[in-house]
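See below for the structure under consideration.
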Amino acid sequence: MIKVSVLVAVYNAAEYLPQCLDSLRAQTLHDIEVICVDDASSDTSLEILNKYAGLDSRIKFIHLDVNGGQAHARNVGLAAASGKYVCFLDSDDWFDDDSLEKCARVLDDNDDTDAVLFRLMMYHDEGNCTPYPMNSFGKISGREAFMRSLNWDIHGVYMLRTDLHKKYPYDDSLKAYSDDNTSRIHYIASRNVCCSDAAYYYRQHASSVTHAVSIRRFDYMKANESMKVQLIKLGEGKDILDMYENIRWMVLVDTYMFYYINRRRLGSKAASYGLKEMQRIWNDIDFTVLDSRASKFGYRPCGSWLMFRIQEEIYFTLRSLLGKNEDR
């Protein structure tokens with residue numbers, strides 16, 4: 001049986017794809033398969049995949065005629081995965097030569113563990129590399145990992161037992177943001193979660209969706225809705241659901257900050273859409289379960305959507321005067 005399946009979703013990644021694939025070919029763990037899914041690229045990515053598949057029989061690729069987003073592409077690859085363990089590698093990222101071997105060894109040595117985190121290294125355009133700000137740990141329960149992931153005290157880059165991953169594939173309800181949901185579902189469904197010293201180099205792009213001023217930024221609230229539905233389907237108790245409702249509330253306030261700072265750059269149509277989406281989420285929040293943070297000015301639900309908007313406008317105006325608003 002193949003030890004590790006690596007899923008590589010590819011979309012217009014010609015500039016970085018060779019480095020990604022070279023790092024996989026160089027792995028000290030040879031018993032791997034690399035499943036690349038070209039998500040209807042319009043550059044030379046497909047030609048690069050064809051070349052590398054000819055160089056190494058462990059590299060396979062699937063071409064999609066219609067772009068469906070990263071989660072959908074990964075799911076196509078996941079369906080074809082035959083390894084004991086599975087992980088992803090984004091097409092602009094790369095591994096150390098021994099990363100897969102190190103991560104798989106932790107799973108081999110811990111029969112009660114389902115997910116193992118890589119050591120995530122943030123590679124910036126200037127060439128410097130910094131570790132993700134996370135305290136390493138030996139072993140924690142899946143439920144604790146889920147709770148730590150709510151504020152991303154732990155990241156979402158890991159290797160997983162394939163049977164668990166196929167039971168809970170990637171959330172492809174949205175093209176962006178729903179990958180957070182997948183990580184959290186994997187954590188809460190895991191018996192235990194461990195860390196490894198296996199490095200994953202994560203390239204940071206200022207033009208990424210999470211940094212761009214775009215109407216798609218409002219999709220984060222939709223991703224939160226999808227997560228809530230999945231937690232209910234999993235039969236999670238009131239403690240988890242109430243905790244997640246507080247996350248949804250904080251995301252709403254954070255999204256209003258994005259709207260406040262960028263509404264002119266968004267344009268009237270996109271800004272109007274965002275405002276309606278925020279009002280829809282505001283109407284859906286269960287205010288009775290919000291914690292003490294919701295008692296602070298700027299975070300209070302208020303008695304109506306209009307009063308909430310007035311509060312946010314005052315709050316973020318004061319923050320801008322004090323220089324505390326970030327361009328986000």
Side-chain angles (χ1 to χ4, degrees), residues 1-7 9 29 32 35 70-71 74-75 77-79 81-90 95 99-120 132-173 177-200 202 223-224 226-244 247:
M1 183 181 186
I2 291 171
K3 178 71 78 172
V4 177
S5 298
V6 184
L7 311 178
L29 178 66
I32 66 173
I35 306 173
Q70 186 182 69
R74 286 180 182 171
N75 279 338
L78 179 63
S82 60
K84 184 178 181 180
Y85 311 133
V86 66
C87 66
F88 70 81
L89 178 63
D90 285 346
F95 285 131
S99 292
L100 294 181
E101 182 178 8
K102 283 182 174 180
C103 216
R105 188 183 303 129
V106 176
L107 284 167
D108 285 343
D109 293 344
N110 292 271
D111 291 337
D112 61 348
T113 294
D114 294 311
V116 175
L117 275 69
F118 288 95
R119 177 168 55 90
L120 187 60
Y132 184 88
M134 181 186 86
N135 293 324
S136 186
F137 55 85
K139 183 182 296 184
I140 59 176
S141 70
R143 181 167 288 257
E144 183 177 350
F146 167 81
M147 290 188 289
R148 290 194 191 185
S149 75
L150 292 177
N151 291 314
W152 293 117
D153 290 335
I154 65 174
H155 59 71
V157 183
Y158 48 84
M159 186 179 289
L160 194 70
R161 295 187 187 274
T162 302
D163 55 352
L164 182 63
H165 204 326
K166 290 197 173 187
K167 184 177 181 180
Y168 301 107
Y170 290 100
D171 180 359
D172 59 2
S173 57
Y177 299 113
S178 56
D179 54 337
D180 291 358
N181 296 353
T182 303
S183 297
R184 288 165 173 159
I185 291 296
H186 287 164
Y187 288 151
I188 205 166
S190 294
R191 292 166 297 169
N192 290 299
V193 176
C194 289
C195 281
S196 77
D197 190 39
Y200 180 114
Y202 178 34
N224 291 163
S226 176
M227 183 72 208
K228 181 179 179 180
V229 169
Q230 292 178 73
L231 289 172
I232 292 171
K233 287 181 178 178
L234 283 171
E236 292 301 324
K238 189 176 185 303
D239 58 335
I240 292 293
L241 293 175
D242 288 356
M243 185 183 302
Y244 196 70
I247 295 297

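Numbers for residues simply follow the sequence, beginning at 1. Computed from heavy atoms alone, side chains included, the values below leave out hydrogens, waters and symmetry copies.
- When all heavy atoms of K228 and L241 are compared, the pair lying nearest together is O-CD2, 4.5 Å.
- No side-chain heavy atom of S226 sits less than 4.5 Å from a side-chain heavy atom of Y177.
- Both the sub-6.0 Å distance and the 45° axial angle are not jointly satisfied by R184 relative to the ring of Y244.
- Atom OG1 in T113 sits 11.5 Å away from atom CG in L160 (nearest 0.5 Å).
- Judged by distance alone, with hydrogens and angles left aside, the side-chain atoms of N192 form a donor-acceptor pair with the main-chain N or O of D112 at under 3.5 Å.
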I'd like to know whether V106 forms a side chain to side chain contact (heavy atoms under 4.5 Å, CB included) with M159, so could you lay out the CA-CA distance, the side-chain angles of the two residues, the decisive distance to 0.1 Å, and finally the verdict. CA-CA 10 Å; V106 176; M159 186 179 289; over 6 Å; no

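- A heavy-atom distance below 4.5 Å is not found between the side chains of V193 and F146.
- Counted within 6.0 Å of NZ on K167, heavy atoms from surrounding residues, nucleotides or ligands total 12 or fewer; the atom is thus considered open.
- Here the shortest heavy-atom pairing between S5 and S82 reads OG-N, 3.4 Å.
- Distance alone, capped at 3.5 Å, is enough to place a donor-acceptor pair between the R191 side chain and the D111 backbone.
- Shown are Y85, F118, Y187; of these, the ring-ring contact (aromatic ring centres under 6.0 Å, His included) with Y158 is made only by Y187.
- Counting all heavy atoms, side chain and backbone alike, C103 lies closest to A198 at N-CB, 4.0 Å.
- No side-chain heavy atom of V229 sits less than 4.5 Å from a side-chain heavy atom of I232.
- In this structure, the side chain to side chain contact (heavy atoms under 4.5 Å, CB included) partners of D197, at least two apart in sequence or on a different chain, are K102, R119.
- In terms of the side-chain hydrogen bond (donor to acceptor under 3.5 Å, both in side chains) criterion, residue partners of Y170 (sequence neighbours excluded) are, by chain and number, H165.
- Closest approach of R74 to L7, counting heavy atoms only: O-CD1, 3.7 Å.
- Shortest non-hydrogen contact noted between D171 and T182 is N-OG1, 2.9 Å.
- Interatomic distance, CD1 of I185 versus OG of S178, reported as 11.5 Å (0.5 Å rounding).
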